[in-house]
Amino acid sequence: MKTISENACFGGTQGVYSHASAACSCEMTFGLFLPEEARDGPVPVLWYLSGLTCTHENAMTKAGAQAWAAEHGIALVFPDTSPRGDDVADDEAYDLGKGAGFYVNATQEPWAPHFQMWDYVAEELPALIGKEFAIDLERQGITGHSMGGHGALTLAMNLPGRFASVSAFAPITNPTASDWGRKQLSAYLGGDESTSARHDATLMMQNTGFDGPVLIDQGAADQFLDLLKPEALSAAMAKKRQHGTFRMQPGYDHSYFFVSTFMEDHVAFHADALYAR
């Protein structure tokens, strides 16, 4: 593991690190905020998964999460959204290939050799940060924005017991029924509908739900509402009697101005669950 940068931040440290990923067969970069409390021992961790076109850096610099994480003594992990490198397959479109890993393990060519983002986020990166930093992997929460909200929800529901809480900002909620999803899941996974279903938050909510609290914030003025399909997840949560809150926020769009506005609520929501463990 290489240290790219470390900066003092709200009494703690905001670092950026890279490492050779066995899962993605390339060099991967991630951001990690450690609060002051990590100097005395392991702290709970909140994962933040970013959306289409993003790297580890977008949320790290725009979401304003560190101030609230420092207040609650929680670490933050900002993974990248896809593998990177000259030999990594890509596409001319912004919503496929680099920056658009969709948090799945690709089985189709040319994506399969590198696009193993599920294994990277679910297994490899947690093992690495648990070994190298003062992180308590028994207390994990997960959140994300847009494509990252999709990833947070599907990881949480597919890995029962792993996360104490899950939240999302404007998540892609029903990708098997959306142009933000059908294209990517077909490209990465082929035509196996049973495999795609476990990467659809609405279908997972209908089938299994989540064994903890859920918080969803969606901007009512989001320019991508037809692609995100928030009504599908909201209806599934209600039908499942899911322990959770789904909030439509009037006037807010899909930007990081929206995310940063409600970040305090999300970090506090996860802190309550993490410290209850």
Side-chain angles (χ1 to χ4, degrees), residues 1-2 4-5 16-32 47-63 77-125 128 144-155 169-193 195-196 198-201 223-224 226-228 254-256 259:
M1 191 183 73
K2 302 173 185 176
I4 296 175
S5 62
V16 177
Y17 310 92
S18 69
H19 67 108
S21 167
C24 295
S25 299
C26 65
E27 192 80 1
M28 294 293 286
T29 302
F30 66 95
L32 174 67
W47 294 79
Y48 185 102
L49 306 186
S50 290
L52 287 168
T53 75
C54 291
T55 69
H56 69 281
E57 189 174 22
N58 295 70
M60 188 181 80
T61 58
K62 295 180 180 180
V77 184
F78 303 99
D80 203 345
T81 55
S82 76
R84 307 282 176 176
D86 293 340
D87 60 340
V88 174
D90 201 9
D91 190 88
E92 292 182 358
Y94 75 94
D95 57 356
L96 187 67
K98 294 178 185 177
F102 259 75
Y103 304 101
V104 303
N105 285 340
T107 59
Q108 307 300 302
E109 296 296 332
W111 313 108
H114 298 285
F115 281 74
Q116 303 296 309
M117 288 301 294
W118 181 277
D119 282 352
Y120 179 69
V121 173
E123 304 299 337
E124 184 176 23
L125 190 53
L128 176 66
H145 174 227
S146 195
M147 180 186 72
H150 140 81
L153 289 164
T154 55
L155 280 158
F169 301 87
I172 298 173
T173 70
N174 197 192
T176 61
S178 169
D179 288 340
W180 270 359
R182 280 183 301 226
K183 168 186 174 180
Q184 294 84 358
L185 296 179
S186 175
Y188 295 141
L189 304 175
D192 187 344
E193 293 183 3
T195 302
S196 296
R198 63 189 292 262
H199 296 291
D200 186 306
Q223 59 271 45
F224 302 115
D226 290 344
L227 295 167
L228 301 171
H254 200 70
S255 70
Y256 266 95
V259 173

Identify the two heavy atoms, one from A100 and one from S82, that lie closest to each other, and give their separation to 0.1 Å.
-> N-CB, 4.0 Å
Mind listing the closest non-hydrogen atom pair of L49 and G151 along with its distance?
-> CD1-C, 3.7 Å
Before giving the answer on side chain to side chain contact (heavy atoms under 4.5 Å, CB included), spell out for T29 and V16 the whole-Å C-alpha distance, their side-chain angles and the decisive distance to 0.1 Å.
-> CA-CA 7 Å; T29 302; V16 177; 3.6 Å; yes
Rounded to the nearest 0.5 angstrom, the CE-SG distance for M147 and C54 is 7.5 Å
Please identify each residue that fulfils side chain to side chain contact (heavy atoms under 4.5 Å, CB included) with A20, with sequence neighbours left out.
-> E27
Partner residues of W180 under the ring pair (Phe, Tyr, Trp, His ring centres under 6.0 Å) criterion, sequence neighbours left out = F224
Which residue pairs pass the ring-ring contact (aromatic ring centres under 6.0 Å, His included) test when at least one of the two sits in residues 80-106, sequence neighbours left out?
-> F102-H150
Side chain to side chain contact (heavy atoms under 4.5 Å, CB included) evaluation trace for M28 with H56 | CA-CA 10 Å; M28 294 293 286; H56 69 281; over 6 Å; no
Mutual orientation of the aromatic rings belonging to Y48 and F78 [parallel < 30°, tilted 30-60°, perpendicular > 60°] | tilted
Separation between CG (L227) and NE2 (H254), nearest 0.5 Å, reads 9.0 Å
Here the salt bridge (charged side-chain N to carboxylate O under 4.0 Å, His left out) pairs for residues 171-185, sequence neighbours left out, are D95-K183, D179-R182
Partners passing side chain to side chain contact (heavy atoms under 4.5 Å, CB included) against Q108 (at least two apart in sequence or in another chain) = none
How many angstroms lie between atom OG1 of T53 and atom NZ of K98, to the nearest 0.5 angstrom?
-> 14.5 Å
Return the set of residues passing side chain to side chain contact (heavy atoms under 4.5 Å, CB included) with T176 (not counting sequence neighbours), or none when no residue passes.
-> N174, L185, S196, D200, L203
Quick one: list whatever passes ring pair (Phe, Tyr, Trp, His ring centres under 6.0 Å) with Y188, sequence neighbours left out.
-> W111, F115
Partners of S255 by side chain to side chain donor-acceptor pair (under 3.5 Å), sequence neighbours excluded?
-> D253
Can you check side chain to side chain contact (heavy atoms under 4.5 Å, CB included) on W47 and L125, steps first, answer last?
-> CA-CA 11 Å; W47 294 79; L125 190 53; 3.6 Å; yes
Spatial distance of atom SG (C24) from atom CE (M117) [nearest 0.5 Å] = 5.5 Å
Which pairs, with at least one residue in residues 79-91 and sequence neighbours excluded, count as a salt bridge (charged side-chain N to carboxylate O under 4.0 Å, His left out)?
-> D80-R84
S21: what forms a side chain to side chain donor-acceptor pair (under 3.5 Å) with it, not counting sequence neighbours?
-> E124
Residues which pass side chain to side chain contact (heavy atoms under 4.5 Å, CB included) with E109, listed by chain and number, not counting sequence neighbours = A112, P113
For H114, which residues count as a ring pair (Phe, Tyr, Trp, His ring centres under 6.0 Å) partner, sequence neighbours excluded?
-> none
Quick one: pull up CG in D192 and CZ in R198 and give me the separation to the nearest 0.5 Å.
-> 10.5 Å
Evaluate side chain to side chain contact (heavy atoms under 4.5 Å, CB included) for N58 paired with T81, printing each intermediate quantity in order.
-> CA-CA 11 Å; N58 295 70; T81 55; over 6 Å; no
